[in-house]
Amino acid sequence: MATRRFSGNSNYELDAYSTVSGSTITVVVRVRKLSGFGYWVADGQDYTVVIDGSTYNGEWTYDFRSTTLESVTTRSKSGMAPGSKSWSVTVKMSSGIGSASLSGSATIQPNLPSAPSIGTPARNSDSSITANWSRNASVSAPYDSQQVQRSVFTGSWSDYTTVATIGTKYTSGGSQSRADTTTVANRAYRYRIRAVNSRGSATSGITPVVYMTPGMPSAVKAAKTATGGISLIVTQTVPWASQTEIQRSIDGGATWAALATLAAGTNTYTWGSPPAGETVTFRARAVNPTGVIGSGLASGWRVSNAVPLAAPPSAPSKLDPNGVAFDGDTDRTLTWQHNSNDTSDQEAYELEWRAAGETTWNTTGKITAGSASRAFPAGSFLNGTSYEWHVRTWGIHPNAGPYSATATFTASAPPSVTITALAGVLGASLVNAEWEYFDEESTAQSAWEAVLMAAGDDIESLSGSGPSTSATFTTRLTDATEYQVRVRVRDGASLWSEWDTVTFSTDFPPPPKPSISLSWDAEQGAVIAEVTNPEPAGSEVPAVSNDLYWSINGGEWRLAVTGAMLNTATADRTAPVGVTIAYKAVAWSDLPSSVESDVATIMTPNEIGYWSASDGQTVPMEYGNGDGPRVDFTAGMAEKTLHYFAGRSLPIEVVGTARSRVGSVTFMVATRDQLNSIRAMQYLPAPHLIRIPDGTLLFCSVGEVSERRVHDDLYGISFTATEVSQ
């Protein structure tokens, strides 16, 4: 509300304000006396109200001597267009009161827009569609903007997205259009128009669907049927149900003849009566259905494989068994591969077989069957006899193909094995398995396998070729424990026997438990392990030798020294440096039986490395000028070859079992004597041992040694070391 005092008398005040209802603005005018005794104001005083350029005059009579101390009047203007409207009020009064004026503004809001009337879109090309519609705008419900919205069909309809916005304001109806130039082939589109003003929006209905050029089929597969026809499967890429046109060409000719038009959504067809000829080829394309926008648009043609017309198959291949032996007292199935020349499946076969040297074939006769196999029950083939066999097949052509190449096999009884000299109680901590081999056809043993087990788990497996009938396991057994050994053998026909298994337990007197103490020899770079062997007591038996083992960080135990004398100190020159090493001694008796010492540990120095030659010479590898000792490795495959084959665009990798690991060794030596030793050691044969103060052990072949004088007697040494077996 606006307020203004009169110019001639400040006790009088003019108030005015406006209200809006729809398209009508009403101005409310009020004059009132603020204080003092009122007096009569003669009638005929003027007031003027102007609303959006329209003037409204009037007059009234005030009697401020009465109880009414104010007077109110209103003036309204209706039917106005939306927008901001100004108004003003002027009042003139007599008796020295004077005049007062006020002004203000009000806004007429528009109505919600009426939805556009959608029209039929026009397909211009695969990359352009024009949407058409009619505006339903008015002064009271204008369009501030219009949005062209699109939904895309790719198997299902997407949400609507805005592809164009028309920012022009419209207050009247009319036709309109806008081209969408972001469309692509093999899609369907539909549109709607959304009108927007400050009050909200309204959306039209949806256009008919516009279909673009359909996509080419991704595959056309043709194959012979069992009845002599040809079946076609067309793999379409079109997201909607399109028609499929099929044409055919005989013997690779350039002329294509129409064969069929499949109904929308149908992608298979069978040609029941192909004509005579050598081959037939098909092609197919997708065509939009009738009665739609884009009707009749067609994709490119996709050509099928060439299908040979009916012809006998080639000789079967991949006969199995071939060149092997099997037990004739078991069931056996003979298999092959049918090789069609007209894509038809196998419909029948005939299989023949005979013992080697015979002139007459046994035959199954023609058997109607699609399976490329024949099962023979146990006893069909006599053990100790060699056989040959071949097979021929039929497709849909009435004639059979030729017989396959002749395959051979031998029916042979598998060998048997019996473990001997191992049962009951074993009085030793190493076990030797012995067995007897038997073969019904008197072929020699060609291979064997032996397994040591405990509690159902494999502990150690051994294998070999040839006639050997014994094997010694290296695993040290535990006293008073049950074990199993199982053995199987293979005969000259490459047949394996069943496993023979025996169970035994151990019961042996051990030697006295040794003790071990450790020290470090910096000159040799060796751990000195001193083993003490007590005299036997009670049921113990004398020890005859010691084995020495070491382990790093709780890892696998590795044999360092074997067969060491009793009560001696042994230098382990293979000990890693810069790590904590655990050692244990194993004392052996003549039984043999064994017992382990308690574990002792030692921390080897981490400030120096060692190079030991194959003859035992050792040189310390020192740090100097911030350099060495270190080994930088490069690992790879020693045998890796790429082969290129016909018909393949990329190579095939062939990898052997050999590995290659090469180290670049760098270190310092501090004396000329050490340098002279290195000059001699480099010519010694492998294996050399390089030990780096991070636990690295490298058994290697040493390449050419490079040396450089740093200062005084400090020399830098470097060479390439290739890892070799120990």
Side-chain angles (χ1 to χ4, degrees), residues 324-327 412-511 541-551 556-564 584-596 657 725-726:
V324 298
F326 61 86
D327 187 359
S412 176
S416 62
V417 64
T418 302
I419 299 174
T420 61
L422 184 62
V425 178
L426 178 66
S429 58
L430 291 179
V431 58
N432 179 62
E434 298 181 3
W435 60 87
E436 291 181 351
Y437 166 84
F438 174 76
D439 183 64
E440 188 175 301
E441 284 90 31
S442 299
T443 62
Q445 174 183 301
S446 61
W448 57 270
E449 293 181 0
V451 181
L452 175 64
M453 306 170 61
D457 295 326
D458 292 356
I459 298 175
E460 183 180 352
S461 296
L462 303 175
S463 62
S465 59
S468 176
T469 56
S470 67
T472 300
F473 295 97
T474 60
T475 300
R476 187 168 60 87
L477 306 183
T478 304
D479 189 24
T481 305
E482 186 174 84
Y483 294 90
Q484 296 81 38
V485 167
R486 61 176 186 162
V487 175
R488 71 171 184 167
V489 293
R490 190 178 69 189
D491 65 10
S494 297
L495 295 178
W496 285 97
S497 70
E498 298 292 331
W499 289 97
D500 187 32
T501 303
V502 297
T503 299
F504 63 93
S505 60
T506 55
D507 183 10
F508 52 80
V541 293
V544 295
S545 65
N546 294 312
D547 289 344
L548 189 65
Y549 292 83
W550 59 259
S551 170
E556 177 184 0
W557 286 98
R558 300 177 60 175
L559 180 63
V561 178
T562 185
K584 66 180 179 181
V586 177
W588 287 92
S589 72
D590 277 332
L591 287 177
S593 62
S594 61
V595 65
E596 289 184 359
T657 58
S725 296
Q726 299 182 32

Pairwise distance [atom1]([X]) to [atom2]([Y]) - rounded to 0.5 angstrom:
X	Y	atom1	atom2	answer
Y549	R558	OH	CZ	13.0 Å
D439	S412	CG	OG	6.0 Å
E440	L495	CD	CG	11.5 Å

Side-chain touch [X]/[Y], heavy atoms, less than 4.5 angstrom:
X	Y	result
T562	S545	no
R486	D458	yes
T506	S429	no
E434	L422	no
S593	P511	yes
V431	L426	yes

- [ ] Name all pairs fulfilling the ring pair (Phe, Tyr, Trp, His ring centres under 6.0 Å) condition that reach into residues 420-443, sequence neighbours left out, sorted by first residue then second.
- [x]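 Counting only pairs at least two positions apart or across chains, the ring pair (Phe, Tyr, Trp, His ring centres under 6.0 Å) contacts touching residues 420-443 are W435-W448.
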Task: Residue list, side-chain contact (heavy atoms from CB on, under 4.5 Å) with T478, at least two apart or on another chain - done: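 In terms of side-chain contact (heavy atoms from CB on, under 4.5 Å), with neighbours along the sequence ignored, T478 is linked to T481, Y483.
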TODO: Output all residues satisfying side-chain contact (heavy atoms from CB on, under 4.5 Å) with L430, sequence neighbours left out; order by chain, then residue number.
DONE: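 So L430 forms a side-chain contact (heavy atoms from CB on, under 4.5 Å) with W588, P592.
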Would you kindly say whether [X] and [Y] are connected by a side-chain donor-acceptor distance under 3.5 Å?
X	Y	value
D500	T418	no
T420	E436	no
S594	R476	yes

Counting N and O atoms only, with roles assigned by atom type, does the side chain of [X] sit under 3.5 Å from a partner on the main chain of [Y], one being a donor and the other an acceptor?
X	Y	result
Q484	T501	no
S497	S416	no
D547	G563	yes

TODO: Return yes when atom CD of E460 has more than 12 non-hydrogen atoms of other residues, nucleotides or ligands closer than 6.0 Å, and no otherwise.
DONE: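 Counting neighbours around CD of E460, more than 12 heavy atoms of other residues, nucleotides or ligands fall under 6.0 Å, so yes.
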Where [X] and [Y] come nearest, the two heavy atoms and their spacing:
X	Y	answer
V485	I419	O-CD1, 3.5 Å
D327	A413	OD1-CA, 4.2 Å
P415	V489	CG-O, 3.7 Å
R488	V417	CA-CG1, 4.1 Å
A428	L477	O-CD1, 4.3 Å
A543	A587	CB-CB, 4.1 Å

Open item on the list: Tell me whether R490 is salt-bridged to E449, with the criterion being a basic N under 4.0 Å from an acidic carboxylate O.
Closed with: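 No, no charged N to carboxylate O under 4.0 Å.
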Task: Worked verdict on W557 versus K584 for side chain to side chain contact (heavy atoms under 4.5 Å, CB included) - done: CA-CA 9 Å; W557 286 98; K584 66 180 179 181; 3.7 Å; yes
